Amino acid sequence: MKTTIRRRAAALIAVAVVGLAGCASPAGGDEGDATKEELVVWDYLIAAWPAWKTAAEAADAAFEAANPGVTIKRVEQPSDTATYTQLIQSAIRSGTAPDVFLLQPYKTGVLALTDGLLPLDGVVPQESLDAISGLDAATLGGEIYGLPTGLQTNVIYYNKEIFAEAGLDPDVAPKTLDELYEAADAIKAAGYTAIAGGNAEGEINGWMYSYLWPSFAEPVPFDPEAPLDFTDATTEDVMSTYIDMVGRGYFTDGMQSIPLTDYEAQFKDGDAGMIISIATNGAPLAEAIGNDNIGVIQSVGVASDAPNYIAATPALVWGISKTTAKEELAAAFIESLTGGEAADAMYVDMGWIPTSSDVDPTSNPTPVVQEIVRTIQDSTVGPTPQQGWPPAVSSEFKKQLQLVVTGDISLADALERVQTVADQSGS
Amino acid sequence: MTVRELPQRTGVIGVPPVAPVARRRRRVPIGIWFLLPAVILLLLFRVAPVGYAFVYSLTDWNGIGDPQFIGLENYARIFTDPVALTAILNNFWLLLSLPLWIFIPMLIAILIWEGMALGRAIRYALIVPLLLSPAVLGLYYALMLQKFGPVNEFLTFIGLPMLTREWLADTETVVPVFIAIVLWGAIGIGTLMFSAGMASVDESLYDAAEIDGAGFWQRHFAVTLPHLRPVTTFWAIFVLISFFTGMFPLLFTLTNGGPGYASTTIDLYIFQLAYNNGDLGYSTALGLATLILLSGLALVQLRLLNRRQS
C-alpha cells in the first residue's frame, strides 16, 4: 500500500517536473540593456543576393550611426512568395510580426496585405511623401501602405559578340518588333539560342507580357479598382506576338522545364544571343559576359521605331507592421531606405534603378545600366495592367499560358479562363 | 459500526477474500495520468484545429484581416472550380496506382526473404530514398528530366532519341512520371514493412507446402499473402492517406503543379490557395472536404480488406 502511494507520488512529481521544464523561459535575451531600441526587419533578398546584402548592411549602419541607441536587426526570410506570405500571415495573426517588411509592390504584394500594414499618413511627413514617386504601387483606398524602392522593368539584353557573329551591328539595338525578329532569326542561323528563357514556373509568360505591352498600348495610370479585361484586343495582340515568337523557336529549346533560377547560365556561358530579364539584372549579367559585350533592347516599337512608353514600376516596397510599437522609428527607417544617400548608394554599388529622375546615370560604372536609366529618364514611364492583377489572377495567367505554349489549349481559351478567375476575384 | 461482510469464495485456496464494500476504493489506473498530457496535446493540436478550420471554412478570409461569414459558399464553389476538380482527378490517378504500391514492395520483400542475390544490399539501397527530403527529390528529378538533362541524354546514347521529351512540361507524361518518382521514393518503406511481416511467418508452413508439392507462387499465395494481410491493410491505408496529404513537398519543387494544373494534387492546391492566392477560407473548406472524402475512402478500403480477411 505504502509502496503504491510512493510510486504514484513519484510518477506525479516526474510528470510535473517535465511539464514545468517545458514551460521554462528560454535562456538568453538582452534584458539588461533597456536603453537600446531594436527594429526588426524582414528581408527576403539578403540571402539570395549578395550585392543587396552589402547595400543593406551599409544602409543599416548609416541609420544606426544617425540614430544612437537604435539597432537594426535584419531577419533573413525565404524568397519564395508563397512561403514568405505564409510567414507574414502567421506572424501578423499571432502578434509576432516584425516592425518592417520588405514586400512586392501592387496587388500581388503590399496591396494584398494591407490588413496587416500601418497606413503611413501621419507617420511619414507629408513633404517626404510628396517627394517620393511610385506611391501608387502601395496605395489602396487613398491610404499609403509602403514606400517604394527602386524601379523595375523587363528588358532584353544581348551579347554583342554573338550579334556580330550573326551579321548584326553590335552597337545598334533593335528598335522595332520586326528588327527584333530579324535579330532572332540571324542568331538562330548562327547556331545560337535566340532568347534565353526559363519558364518552368511560368514567369517568362508574365515578363514577355510586360515587355511587349508598351509596344501596343498607351500608358494608363494604375487604378487598383479598375476591372480587369483579358478579352481586349491589346491583350490578344501582345500574347499572340509572344506565342508567335515561341512558335518560331526564338526561346530556349526546353524552356518549359527550366526553372527561372537556372536559365541565366545559357546567356552567361555564351550559348544564347539574347536573354529576357529585368533591369536590376544588368550589372550581374554585364559582369558575367563583359561590360563592353552587353547591350540592352528596351521595349520595341510596332507602329514606329519606339514603344509608346517604358513600362517601369516600383521594384519593391517597404511596409510597416500594424502591430509595431515603434511607428515613428520604423517610418524613419524606411524613409532612409527609399531616398537620399541610401538609394543613391544602391544605384552606384549594385545598379538598383533609382526612382528619382535626378540621379546622374553615369554614377554607376556599368554602361548597360546607365543606358537603362537614361532611357527611363528620357521616356514616358508607366505601369502595365499586370500591376492590377491580384495573386490568383497572376497565378492563373502564368499557368494558362504554360498550357498555350505546350499546345494544350488555344490562346483564346486561356484568356477566357483567366477572365473567369479575374471576375470571380472581384477584380 | 459493523462492516458488512461478504461471503468468501469457498474451495479456492489462495484467493484473498473480497474486500468489504466500505473499504473498496475505485482505482484510477496510473496510466491515465501518463496519457493525459499526450491526450491534451492531441486535442489542442489535432482536434481543436479541425473545429477552428470548420469555422474559417464558412468565411471569406485572406489570413490577415477579419474573416467575413459567407456560409457554405466555399463548399459550393468546390463543385464548380475546374482546378479543384482537376486536382481531385489527379489524386484519383494516384489511387489507381495503389496496387503497384502494394505488390511491388511485397514482391521485393518476398524475393529478399527467398535469398535473392544481393538481397541485403538491395534492402539497404531501397532505404536511400527515404533518407532524402521529398523537396530535395523534387529538385533532383526536375534537373534530371529537363529536355537536355541526363535522362534524355541517356536515351539518346542508347539509341532511343525518339523517346526524349520534356517529361515534366508535357501534360501527357507529367502525371505518370510523377507517380513513378513518388513510388520509387516509397518502395523502401513498403519493403521494410512487408519484410517485417514476413519475419513473423512460421517457416514450417513453407516446409509443409513444399512437401505437398507447392511451387514458388503457390507457396507465397497460400502462406505469405494471408499472413501479410494485416500489414497490407495498414500499408494500404497509409498510402491512401499520403496520396491526399503527402504529395505537396515533392510536387512543390518538381513541377509546382504544372504545366498549367496538369500535376496539381489537392494538397498542393490547398497550399496555393492559402498562400499564393490569399484565399484561406476556401482553402480551409477544400481541406475539410478532402478530410471527408479521405475518411470515406479509407472506410471503404478497410471494409474491403477486412471482408477478404474474414
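Everything numeric here is computed off the predicted structure, so don't read it as measured data. Note on naming: letters A, B, ... go to the chains in the order of the sequence lines (proteins, then strands), and numbering restarts at 1 for each one.
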Compare all side-chain heavy atoms of A:Thr108 with those of A:Thr81 and state whether any distance is below 4.5 angstrom. no

Looking at side-chain heavy atoms only, is the closest gap between A:Tyr145 and A:Val317 below 4.5 Å? no

Please look at A:Asp262 and chain B and tell me whether the side chain, the backbone, both or neither of the residue comes under 4.5 angstrom of a heavy atom of that chain. side chain

B:Ala274 versus chain A, heavy atoms under 4.5 Å apart: side chain, backbone, both or neither? backbone

Portion of A:Ile258 that has a non-hydrogen atom of chain B nearer than 4.5 angstrom: both

Can you check whether A:Ile88 reaches A:Leu103 side chain to side chain, under 4.5 Å on heavy atoms? yes

When only pairs under 4.5 Å are counted, which of B:Gly257, B:Gly260, B:Ala169 shares the most heavy-atom pairs with chain A? B:Gly260

Is there a donor-acceptor pair closer than 3.5 Å between any side-chain N or O of A:Ser90 and the backbone N or O of A:Leu87? no

Please determine which of A:Tyr250, A:Phe251, A:Tyr209 meets the side-chain contact (heavy atoms from CB on, under 4.5 Å) test together with A:Tyr242. A:Phe251

Measure distances from B:Leu273 to the heavy atoms of chain A and classify the residue's part below 4.5 Å as side chain, backbone, both or neither. neither

Side chain, backbone, both or neither: which part of B:Ile64 has a non-hydrogen atom closer than 4.5 Å to chain A? both

Residue from A:Gly202, A:Ala82, A:Pro391 scoring the most non-hydrogen pairs under 4.5 Å with chain B is A:Ala82

Between B:Trp184 and B:Tyr141, is the ring centre distance below 6.0 Å? yes

With a 4.5 angstrom heavy-atom cut-off, is it the side chain or the backbone of A:Ile409 that approaches chain B, or both, or neither? neither

At a 4.5 Å cut-off on heavy atoms, which part of B:Leu280 comes close to chain A: side chain, backbone, both, or neither? side chain

Under 4.5 Å heavy-atom distance to chain A, tell me which part of B:Glu172 shows up: side chain, backbone, both or neither. neither

Does any N or O in the side chain of B:Thr173 come within less than 3.5 Å of the main-chain N or O of B:Trp167, such that one atom is a donor and the other an acceptor? yes

With a 4.5 angstrom heavy-atom cut-off, is it the side chain or the backbone of A:Glu201 that approaches chain B, or both, or neither? neither

If you take the centroid of each ring, where Trp contributes its six-membered ring, are A:Tyr84 and A:Phe101 closer together than 6.0 Å? no

Most contact-rich option vs chain A, by heavy-atom pairs under 4.5 angstrom, among B:Asn276, B:Asp279, B:Val83, is B:Asn276

